[in-house]
Amino acid sequence: MSDWVDFDQWQNCAQMERPGFVFEVRNGEGRSLLTTCTVPLQLPADWKSPPVNFRLVEEPRPRHSNPVPKPQR
């Protein structure tokens with residue numbers, strides 16, 4: 001993981017991208033999201049405070065979902 005960077009540097013995220021890594025963006029409430037470099041960043045609708053910083057983190061491995069349950073009759 002890299003050091004946290006002030007969000008006012010987000011417009012430079014393309015220069016920081018690396019294969020196998022994504023960005024963790026954190027807001028003032030301590031909530032975070034994982035995202036690729038997208039300018040402007042689309043924030044979740046339920047975020048009440050703006051992003052304050054971001055860092056490069058290893059991309060999580062894909063995981064299999066649970067099987068879809070059979071319909072009830």
Side-chain angles (χ1 to χ4, degrees):
M1 285 190 272
S2 64
D3 294 331
W4 290 101
V5 178
D6 288 332
F7 193 76
D8 58 355
Q9 297 297 313
W10 182 250
Q11 70 274 5
N12 302 322
C13 63
Q15 299 167 358
M16 300 175 201
E17 283 185 307
R18 302 286 179 266
F21 289 83
V22 293
F23 292 99
E24 179 181 9
V25 178
R26 188 167 59 179
N27 71 2
E29 299 171 310
R31 297 182 75 184
S32 65
L33 67 92
L34 297 178
T35 184
T36 57
C37 177
T38 314
V39 179
L41 179 63
Q42 288 286 349
L43 298 175
D46 61 345
W47 274 29
K48 294 183 172 85
S49 66
V52 291
N53 50 28
F54 67 97
R55 66 181 175 178
L56 201 59
V57 297
E58 192 171 345
E59 186 172 16
R61 293 184 133 173
R63 36 183 198 124
H64 293 283
S65 61
N66 292 331
V68 176
K70 293 183 179 182
Q72 295 178 349
R73 295 182 185 198

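Quantities reported herein were computed from a predicted structural model and do not represent experimental measurements.
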TODO: Report yes or no: do Trp47 and Phe54 belong to one cluster of Ile/Leu/Val/Met/Phe/Trp/Tyr joined by side chain heavy-atom distances under 4.5 Å?
DONE: yes
- [ ] List the atom of Phe23, the atom of Leu56, and the distance in Å for their closest heavy-atom pair.
- [x] CE2-CD1, 3.6 Å
Task: Cluster check Val52, Val25: I/L/V/M/F/W/Y, side chain < 4.5 angstrom - done: no
TODO: Looking only at non-hydrogen atoms, find the nearest pair between Gly28 and Ser49 and report the distance.
DONE: N-OG, 3.2 Å
TODO: Just grab all the salt bridge (Lys or Arg N to Asp or Glu O under 4.0 Å) pairs involving residues 5-18, residues at least two apart or on different chains.
DONE: none
Open item on the list: Arg26: which residues meet the salt bridge (charged side-chain N to carboxylate O under 4.0 Å, His left out) condition with it, sequence neighbours left out?
Closed with: none
Please list every donor-acceptor pair under 3.5 Å in which a side-chain atom of residues 33-43 meets a protein atom from a residue at least two apart or in another chain.
none

Open item on the list: Please tell me whether Phe21 and Trp10 are part of a single hydrophobic cluster in this structure, the criterion being side-chain heavy atoms less than 4.5 Å apart.
Closed with: yes
Open item on the list: Which heavy atom of Gln9 sits nearest to which heavy atom of Met16, and what is that distance?
Closed with: O-CE, 4.4 Å
